[in-house]
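Quick note: numbers below take in every heavy atom, side chains included, and nothing from hydrogens, waters or symmetry partners. Proteins get letters first, then strands, A, B, ... in listed order; numbering begins at 1 in each.
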Amino acid sequence: MRETQMSERPTDRSDDGAPEAATYDVVAVQDKWRKVWDDLDPFRAGSAAPGAEKRYALTMFPYPSGDLHMGHAEVMALHDVVARYWWQRGHDVLNPIGWDSFGLPAENAAIKRDENPAVFTYANIETQAESFKRYAISFDWSRRLNTSDPEYYRWTQWLFLKFRERGLAYRKFSPVNWCPNDQTVLANEQVVNGACERCGAVVTKRELSQWYFKITDYAQRLLDDMEPLESTWPSKVLAMQRNWIGRSEGAHVDFDITLASGETRTVTVFTTRPDTLHGATFMVVAADAKLAAEIVAPERAEALTAYVDEVRRSSDIDRLATDRPKTGVDLGVTATNPVTGEQIAVWAADYVLADYGTGAIMAVPAHDQRDLDFAKQFGLPVRRVVDTGEPNPEETYEATTGDGTYVNSGPLDGLGDKAAGIARIIEQLEERGTGTGTVNFRLRDWLLSRQRYWGAPIPIIHCEACGEVPVPEDQLPVELPDLKGSDLKPKGVSPLAAAEDWVNVSCPTCGGAAKRDSDTMDTFVDSSWYFFRYCSPQFTDGPFDPQAVRDWMPAAQYVGGVEHAILHLLYSRFFTKVLHDMGMIDFTEPFSALLNQGEVINEGRGMSKSLGNGVDLGEMIDAYGVDAIRLTMVFAGPPEADIDWADMSPGGSLKFLQRAWRLSGDVTSEPGTAPSDGDTALRQATHRTVAEATELVETQRFNVLVARTMELVNTTRKAIDSGPGSADPAVREAVEAVAILLSLVAPYVAEEMWERLGHEPTVARAGWPVVDESLLVQETVTAVVQVKGKVKARLEVSPEISEADLEQLAMADADVQRALDGAVVRKVVVRAPKLVNIVV
RNA sequence: GCCCCGGUAGUCCAACGGCAGAGACACGGUGCUCAAACCACCGCCAGUGUGGGUUCGAAUCCCACCCGGGGCACCA
């Protein structure tokens, strides 16, 4: 990182007694107020005045992998501006904190250290809690929860069983993503570019029997319910979710395949272009799907097996390579095109995905580049059925995908409208019973089983006689057995399976010998409902107290990283809808507004051990103090933009805070002095700043809020040194406003200022200054006179001036007349009281 | 390939379609000092990525392109 001017201590001292500007001792101030706040407990939800509006300020709970880092510092600083602002506005605020404390890092650490993951986990939680307190986030510390506490995961398990009762949790045997490094399966959402989202290992496939949540049942609602979030969620997140859900309209079309045995088998394909059915000249099925093996002609079976082996060997990463030549194998059977009656070849290829649509496609090479590449590779026929006016793809091997006039398409010929073409074909297919209009989603069900130890056990008992038996509710939680060290080593099956005493139980239904399900749940299950639990963390009659949830939810503001766009945020929305359908809540979206903060990077790149460009939060706080670090984070730029720490100057932030603090020592009037006799210009500046600050916080322009506060500090400094002087009541009013504004960002110095101004703690609950509207009214405003858009004169006018008067004044101005130079005025645009534009 | 977000002084960033500069960093100067740091004051630097369009007027709206960052991607 860039050289920063670090002093030994965050305060500058001189060795001799030379005159110097007063500074406060950052460390002493932090120690002092920590204790006071611990006693006052000022942020307890429910502590606002009776009848206060309730606001839920939520921030994504941390994973306890170590101490807090720069990223936490940023997200919490931004989040806390909003939470503290709401308190100042008199709202009742719920600002809870807890830990997402199940997960692999703790388990891996436990294997290394030969201990139980709880040791590492709970030690880190204490470290982070202490750091959060030092960092002065306005949490309600009475609501702490950890997802790894049995009293929490009891309800995670309970929810799983409720989902299962509703048919939303089920087990199936199918190919799954397998991380060979973490030795567990992964959800689709956790596979990024063919690699494990957590560890980066290349993901392979396995066939396993696993638990799934039926999130696909909610695909359409997850899509539809985004509409009201349009103005309060980042469009990027909405776009990513839409993309992930991947709705596409089209048709299922049935093709009859004549098998080698002479039997006929109907295979359904999904297409978004049923209108091009007349151009379907061959069919392709996913090579790795069962279907391929079932329909292949005997003499082609060996070739198919060889091909499938080849495909299996290549990882998803290889498959992602663009411009890879098309590969495939002829299955030796033919299908009947349902509209043309033609016999077309059936191939297997890896460019058709087994788990999208039906795993089989009709290939229309003329109008799909992938199909065309395949046709070219294997010499399959190409037939144009839409004339787009472009060169014929039969000759150019450039597929045309746009609109055009149908040709070679029987009844569609001559039609020029795609929508009509699609509608007509679907109608025809439905009449004949060979197809139907349909909607397809890219979203897959959520695979929730994990073959690891440190998670919530799946509360199911497998009995040979009774099958899957849910653990009775009164036996929840199913607690983890106390395993440690090598017992936890990943071996491809859950470590729980080897815990004989734990896994062998009697069946709750028949009493016979049975085994517990030895998998644990994906930790994203834990985090899909923690924000409900926060509303009543000690509740024992259910996952949450319905009244408490009614009081606080949906969360008014959720702050966290965009990396959860299609993971946590999608899953939480799904959980909320299910809870709604269960009748447990009366809303369907958990988070009314979402803010994605940017990342803290260094020298243009993400901080990482390998780059050696990490910045240590603890060291930064030791060098500059909590307030300066928080201020730097908030002032850096718009909250959603990345912060390059190399461009930041925490030293400058500290300098500003010292400057603001100094003001509080210069105020000589008594606390409670009425400001009405104070200097009007300074009063106007104060009230304008507060009015604007209100707007700025509410529109999340926190960096500008800081700039406005700096401006007020500068103005007040001038008023003290070369204006009305330190005794003027307006100076007190201004400095008190500065303290309150700063309390959102720099709580320690704000508190110190508040005390020096003669007030009792805590400034955090002092209340937002009331704006005197009359002080916002300006006696004169500057009107700009433009000639052809160029400024030629400025006039001081009344804000109430009429358009006619302003025009007259403008035309009479000497500079304007000179600029006009006798030219003919064609038009005069008047926007009283601010502007006149004369067009010549 | 498709979809988002961004491009304004040396740097980080402001600017309801209406004076391009709020704030800060860095830099320079003056005062204070033996000197420096600190502090106070003053100064400094851009016409808004490029090309068109709309408009009385565009950093802002529209179109095309360039550059940077991110997301999705053999999704039928």
Side-chain angles (χ1 to χ4, degrees), chain A residues 2 5 7 12-14 18-23 192-193 234-240 242-244 246 248 250 269-273 276 284 319-324 326 349-353 355-364 367-371 373-374 440-442 562-563 565-566 598-599 601 604 632 635-638 640-644 646-653 655-656 658-659 662 692 701 703-711 713-714 717-718 721-722 782-794 826-831 834-840:
Chain A
R2 195 178 63 169
Q5 48 292 331
S7 52
D12 296 288
R13 294 162 175 276
S14 73
E20 65 174 59
T23 58
V192 179
N193 290 329
S235 54
K236 181 182 180 177
V237 172
L238 297 175
M240 283 169 75
R242 281 200 186 94
N243 212 329
W244 188 258
S248 42
V269 306
F270 173 73
T271 176
T272 55
R273 291 296 303 275
T276 61
V284 187
R319 292 185 52 144
L320 292 173
T322 49
D323 302 336
R324 212 163 53 99
K326 289 280 183 287
D350 66 351
Y351 85 93
V352 173
L353 308 177
D355 60 356
Y356 181 79
T358 62
I361 63 155
M362 62 179 214
V364 184
H367 307 296
D368 183 291
Q369 192 59 48
R370 295 157 301 182
D371 297 344
D373 291 343
F374 193 83
N440 190 61
F441 294 95
R442 185 183 172 282
V562 72
E563 67 273 15
I566 54 163
E599 252 182 286
I601 60 172
T632 303
F635 185 48
E640 57 281 356
D642 287 349
I643 298 174
D644 193 333
D647 293 332
M648 295 300 116
S649 47
S653 298
K655 208 168 101 176
F656 162 69
Q658 295 283 11
R659 189 173 150 80
R662 228 173 282 127
E692 207 180 342
R701 286 179 292 161
N703 55 327
V704 187
L705 165 78
V706 172
R708 292 291 173 267
T709 309
M710 289 173 166
E711 221 178 333
V713 166
N714 293 343
R717 180 83 260 155
K718 281 200 181 102
D721 290 350
S722 52
T782 306
V784 175
V785 185
Q786 302 175 330
V787 175
K788 288 193 292 185
K790 301 279 178 246
V791 179
K792 295 297 177 188
R794 291 159 215 275
R826 292 220 318 257
K827 186 174 178 184
V828 181
V829 180
V830 185
R831 293 282 178 274
K834 293 180 72 178
L835 176 127
V836 178
N837 189 16
I838 302 162
V839 188
V840 296

Q) Taking the side chain as C-beta and beyond, is there a heavy-atom pair between A:Asn703 and A:Pro638 under 4.5 Å? A) yes
Return no unless some side-chain N or O of [X] is found under 4.0 Å from OP1 or OP2 of [N].
X	N	answer
A:Asn714	B:A22	no
A:Arg662	B:C38	no
A:Arg701	B:A15	yes

Taking the side chain of [X] as its heavy atoms from C-beta onward, which of [options] lies nearest to it?
X	options	value
A:Arg442	B:C72, B:C74, B:A22	B:C72
A:Ser248	B:C74, B:A76, B:A22	B:A76
A:Asp647	B:A22, B:U11, B:A73	B:U11
A:Val839	B:G71, B:C56, B:A76	B:C56
A:Ile566	B:C72, B:C74, B:A15	B:C72
A:Asn837	B:G57, B:A76, B:A73	B:G57
A:Pro638	B:A76, B:A73, B:A14	B:A14
A:Phe270	B:A76, B:G71, B:A40	B:A76
A:Tyr351	B:C25, B:C74, B:A76	B:C74

Quick one: [X] [atom1] to [N] [atom2], roughly how many Å, whole number?
X	N	atom1	atom2	value
A:Leu705	B:G23	CG	C1'	12 Å
A:Asn703	B:U11	CG	P	18 Å
A:Glu640	B:C13	CD	P	11 Å
A:Met240	B:G70	CE	C1'	8 Å
A:Asp721	B:G31	CG	P	19 Å

With [atom1] as the reference atom in both, quote the distance from [N] to [M] in angstrom, rounded to an integer.
N	M	atom1	result
B:C25	B:A9	C1'	13 Å
B:A20	B:G57	P	15 Å
B:C67	B:G49	P	16 Å
B:G18	B:C2	C1'	38 Å
B:U55	B:C63	C1'	16 Å
B:C74	B:G70	C1'	23 Å
B:A14	B:U54	C1'	26 Å
B:G23	B:C13	C1'	8 Å

Q. Hey, is the side chain of A:Lys236 pairing donor to acceptor with the base of B:C3 inside 3.5 Å?
A. no
Q. Which residue lies toward the 5' end of RNA chain B, A:Ser235 or A:Val704, if each is placed at its nearest nucleotide?
A. A:Ser235
Q: By nearest nucleotide on RNA chain B, pick out whichever of A:Asp642 and A:Arg708 is the more 5' one.
A: A:Asp642
Applying a 4.0 Å non-hydrogen cut-off, can you work out what [X] is touching in the nucleic acid: base, sugar-phosphate, or nothing?
X	result
A:Gln369	nothing
A:Lys655	sugar-phosphate
A:Arg659	sugar-phosphate
A:Pro234	nothing
A:Ala636	sugar-phosphate
A:Phe656	nothing

Q) With sequence neighbours excluded, what pairs up with A:Glu599 under the salt bridge (Lys or Arg N to Asp or Glu O under 4.0 Å) test? A) none
Q) Which atom names give the shortest non-hydrogen contact between A:Ala363 and A:Val284, and what distance separates them? A) CB-CG2, 4.3 Å
Q) In terms of ring plane angle, is the pair A:Phe270 and A:Tyr356 parallel, tilted or perpendicular, where the classes change at 30° and 60°? A) perpendicular
Once you round to the nearest 0.5 Å, how far does [atom1] of [X] lie from [atom2] of [Y]?
X	Y	atom1	atom2	answer
A:Arg708	A:Glu711	CZ	CD	5.0 Å
A:Thr782	A:Leu835	OG1	CG	12.0 Å
A:Arg659	A:Lys655	CZ	NZ	8.5 Å

Q | Bracket notation of RNA chain B in which parentheses pair within the strand, [ ] cross earlier pairs, and | pairs with another strand (Watson-Crick or G-U, under 3.5 Å) | A | (((((((..((((....[..).))).(((((.......))))).....(((((..]....))))))))))))....
Q: List the steps and the verdict of side chain to side chain contact (heavy atoms under 4.5 Å, CB included) for A:Val364 and A:Arg273.
A: CA-CA 9 Å; A:Val364 184; A:Arg273 291 296 303 275; over 6 Å; no
